[in-house]
2 protein chains.
Amino acid sequence: MADIARRTDHRYGNRPTMKDVAARAGVGLKTVSRVVNGEPGVTPDTERRVHEAIEALGFRRNDSARVLRKGRTATIGLVLEDLADPFYGPLSRAVEEVARAHGALLINGSSAEEPEREQELALALCARRVDGLIVIPAGDDHRYLEPEIRAGVATVFVDRPAGRIDADAVLSDSFGGAREGVAHLIAHGHRRIGFVGDRPRIHTGAERLRGYRAAMEDAGLPVREEWISLGSTNPERVSAAVREMLTAPEPVTALFAGNNRVTVTAVRTLAAHPSPVALVGFDDIELADLLGITVIAQDAAALGRTAAERLFRRLDGAGGAPERVVLGTTLLARGSGEIAPPTA
Amino acid sequence: MADIARRTDHRYGNRPTMKDVAARAGVGLKTVSRVVNGEPGVTPDTERRVHEAIEALGFRRNDSARVLRKGRTATIGLVLEDLADPFYGPLSRAVEEVARAHGALLINGSSAEEPEREQELALALCARRVDGLIVIPAGDDHRYLEPEIRAGVATVFVDRPAGRIDADAVLSDSFGGAREGVAHLIAHGHRRIGFVGDRPRIHTGAERLRGYRAAMEDAGLPVREEWISLGSTNPERVSAAVREMLTAPEPVTALFAGNNRVTVTAVRTLAAHPSPVALVGFDDIELADLLGITVIAQDAAALGRTAAERLFRRLDGAGGAPERVVLGTTLLARGSGEIAPPTA
DNA sequence: TAGAGGCTGGACAACGTTGTCAGATCGCGA
DNA sequence: TCGCGATCTGACAACGTTGTCCAGCCTCTA
């Protein structure tokens with residue numbers, strides 16, 4: 001064949017290996033390995049020769065082979081919902097920092113809230129033999145991870161608990177936070193309060209709805225089903241639902257928004273509404289202080305950090321039953337939640 | 001030793017291998033490989049037996065070994081500045097989507113703007129033999145990547161060009177965008193305009209400053225050095241610098257902010273200022289529409305997508321000299337940039 | 001019935017590294 | 001000068017997978 005440019009084989013552009021370095025330095029393979037890994041027992045002169053050969057060839061150790069031999073990848077996987085969601089940026093970053101402190105790298109992927117994709121991603125990470133896995137569940141059945149966990153993949157769930165298996169989890173107090181937020185609205189005189197939430201199939205969505213109902217019940221207030229909007233966080237649908245609540249015969253006078261994206265949409269929708277409507281949102285948002293949006297803030301970075309630390313403790317051999325850690329939330333009163341109902 | 005709990009060896013909790021599957025199914029090793037990889041030449045009956053064995057043992061292929069053998073990892077690396085920065089979330093997500101479409105996973109890490117950390121991270125990714133690398137530079141000398149690129153690691157730089165080496169790059173038009181933004185302020189009557197920017201050592205920072213100077217010069221306006229604040233994006237320092245510009249004997253009447261973080265700080269600082277000050281910021285920000293902040297928007301997702309697509313084209317064998325792609329920016333007039341100077 | 005040809009299955013080497021272990025070398029004292 | 005440690009070095013196997021290649025079997029035809 002006249003196929004001259006064709007590579008002789010399939011490999012990484014023919015990178016030099018330890019064998020090549022050894023040949024060039026005139027030493028044995030293992031000696032190169034020793035130098036590369038800083039093991040003792042190499043004369044300074046030999047070491048220098050090896051370093052020169054490494055330099056000259058541009059050698060870099062192939063960690064794939066190393067992993068195969070050693071059994072640990074020093075890599076952890078993070079399956080989250082959407083890296084573009086501002087809630088997950090700090091969370092992911094916090095995980096990364098902890099990983100870095102433990103000398104590990106982070107592989108991450110977004111599930112886009114699709115359970116199949118979460119599973120596909122988590123299993124792909126397991127196939128790469130990540131040492132541990134941090135998962136923000138999209139689905140509610142994680143039995144598919146059982147063989148992996150049994151095989152030694154440390155696994156911690158964040159933001160939402162695992163479904164159908166018993167595993168470590170680090171959560172925010174969705175129920176308590178929502179209850180507090182709605183109680184805050186009630187304390188400011190509201191009696192008809194709308195809840196705009198996530199899919200109730202998602203744990204956090206369900207918990208926040210439960211918190212809403214609990215606060216209403218605590219105050220002896222009725223809840224009408226038309227005050228509750230669940231389902232997608234699609235802006236158009238959310239916006240339409242909000243408008244409907246506001247123009248009903250007996251309109252709501254305040255809204256509780258179930259997560260950051262819903263809150264943003266709600267703020268946009270309310271901005272176009274003639275009269276002020278009270279609003280409390282779950283999750284803090286950048287610039288919310290300037291817009292005067294009252295929120296129930298959760299600490300995304302703390303969630304990530306806590307989960308990662310637990311993961312590495314498990315990797316370091318910590319035993320014991322799976323635990324669930326719940327982190328508290330903070331109500332930040334900034335104006336929108338303190339608007340009184342119209343004195344109609 | 002009475003060390004009963006000790007693992008017999010170092011490996012992944014003794015996961016089953018293809019060999020184990022083969023033994024259990026009563027077939028040869030290679031047959032299992034064929035079934036796992038969907039290769040032809042296996043009778044349905046044999047295939048069924050193999051699948052049963054896989055199921056029963058909870059076998060999952062070890063991709064580390066696979067990678068070692070095949071030479072491709074189907075993984076790309078992304079070195080960015082800070083995953084928690086809302087600018088990088090969508091960028092990272094876009095890269096991930098493209099990678100996914102090509103069946104690859106994404107490993108990412110934050111350099112925290114430290115050149116050493118960028119290098120450490122990039123080389124660690126190379127050691128894991130990522131097929132390609134997307135880098136948002138923190139440093140300005142990337143010669144350390146030369147051996148890697150020569151060895152076949154496709155590399156694309158994003159947001160800022162590579163330093164001291166010739167490589168593909170996908171950038172936003174920082175110069176043009178800044179020039180347009182400042183010209184916009186000038187068109188609204190401002191003559192004393194402050195520039196609050198990034199470290200000028202960073203390419204984007206320098207380019208935006210250059211755009212500012214060009215716009216001023218185009219209009220025949222002088223630039224005083226005390227109108228320019230460079231250096232860290234640390235909120236306190238930025239805030240102090242802004243206050244200084246506003247309270248000088250001849251105060252600026254408008255500000256151009258060099259990036260999203262600076263814009264946020266500027267907005268906060270200006271909110272506490274007695275009289276309105278015009279502001280245009282580089283980078284769009286969530287909720288900026290509601291706050292009426294005029295910005296020069298760049299499309300972070302498009303940057304990431306374009307870079308990733310180029311990377312995979314290189315991986316698919318596209319040759320040719322390194323190219324630089326520059327994406328345009330968009331001025332979004334929302335109010336803050338259209339404030340007229342005080343008629344003093 | 002025998003041979004050709006197609007299909008299935010398995011033995012073996014190789015990927016690049018590290019752990020084990022034994023051999024080589026050196027310095028020093030007797 | 002020889003022997004003995006101590007120190008340094010290298011041969012070899014193994015990690016779990018895939019590519020190559022050959023053997024066996026089955027079917028179909030002459």
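Order of the sequence lines sets the chain letters (A, B, ...), proteins ahead of strands, with each chain counted from 1.
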Exercise. Has B:E52 got more than 12 heavy atoms of other residues, nucleotides or ligands less than 6.0 Å from its CD?
Worked result: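 Count over threshold, so yes.
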
Exercise. What do you reckon, is CD of A:E55 surrounded by more than 12 foreign heavy atoms closer than 6.0 Å?
Worked result: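 Incorrect, the count does not exceed 12.
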
Whole-Å distance between [N] [atom2] and [X] [atom1]?
X: B:M18; N: C:dG9; atom1: CE; atom2: P; value: 16 Å
X: A:R61; N: C:dT17; atom1: CZ; atom2: C1'; value: 9 Å
X: A:R60; N: C:dT17; atom1: CZ; atom2: P; value: 12 Å
X: B:R72; N: D:dT18; atom1: CZ; atom2: P; value: 17 Å
X: B:R48; N: C:dG9; atom1: CZ; atom2: C1'; value: 17 Å
X: A:L68; N: D:dT18; atom1: CG; atom2: C1'; value: 13 Å
X: B:R69; N: C:dT17; atom1: CZ; atom2: P; value: 15 Å
X: A:D20; N: C:dC15; atom1: CG; atom2: P; value: 11 Å

Verify the distance criterion only: is there a donor paired with an acceptor across the side chains of [X] and [Y] at less than 3.5 Å?
X: A:S110; Y: A:E81; answer: no
X: B:R128; Y: A:T75; answer: yes
X: B:E120; Y: B:Y144; answer: no
X: B:E118; Y: B:H142; answer: yes

For this session: May I ask you to evaluate whether A:S64 reaches the phosphate of C:dG16, defined as a side-chain N or O under 4.0 Å from OP1 or OP2?
Result: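 Result: no.
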
Exercise. Distance check: side-chain N/O of B:T43 vs OP1/OP2 of C:dG9, anything under 4.0 Å?
Worked result: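 For C:dG9, OP1 or OP2 has a side-chain N or O of B:T43 closer than 4.0 Å.
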
Problem set entry | Selection: residues 28-39 of chain A, any non-hydrogen atom under 4.0 Å of DNA chain D |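 Those residues are A:G28, A:K30, A:T31, A:R34.
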
Out of [options], which has the shortest distance to the side chain of [X]?
X: A:F59; options: C:dG9, C:dT17, D:dG16; result: C:dT17
X: A:R66; options: C:dT17, C:dG19, D:dT9; result: C:dT17
X: B:K70; options: C:dG9, D:dT18, D:dG10; result: D:dT18
X: B:N62; options: D:dT17, D:dT9, C:dC15; result: D:dT17
X: A:T46; options: C:dT17, D:dT9, C:dG10; result: D:dT9

Exercise. NA contact type, A:G41, heavy-atom cut-off 4.0 Å: base, sugar-phosphate, or nothing?
Worked result: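 Since a base atom lies under 4.0 Å of A:G41, the category is base.
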
Exercise. Does the pair A:D45/A:R49 count as a salt bridge with the N-to-O cut at 4.0 Å?
Worked result: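 Salt bridge present between A:D45 and A:R49.
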
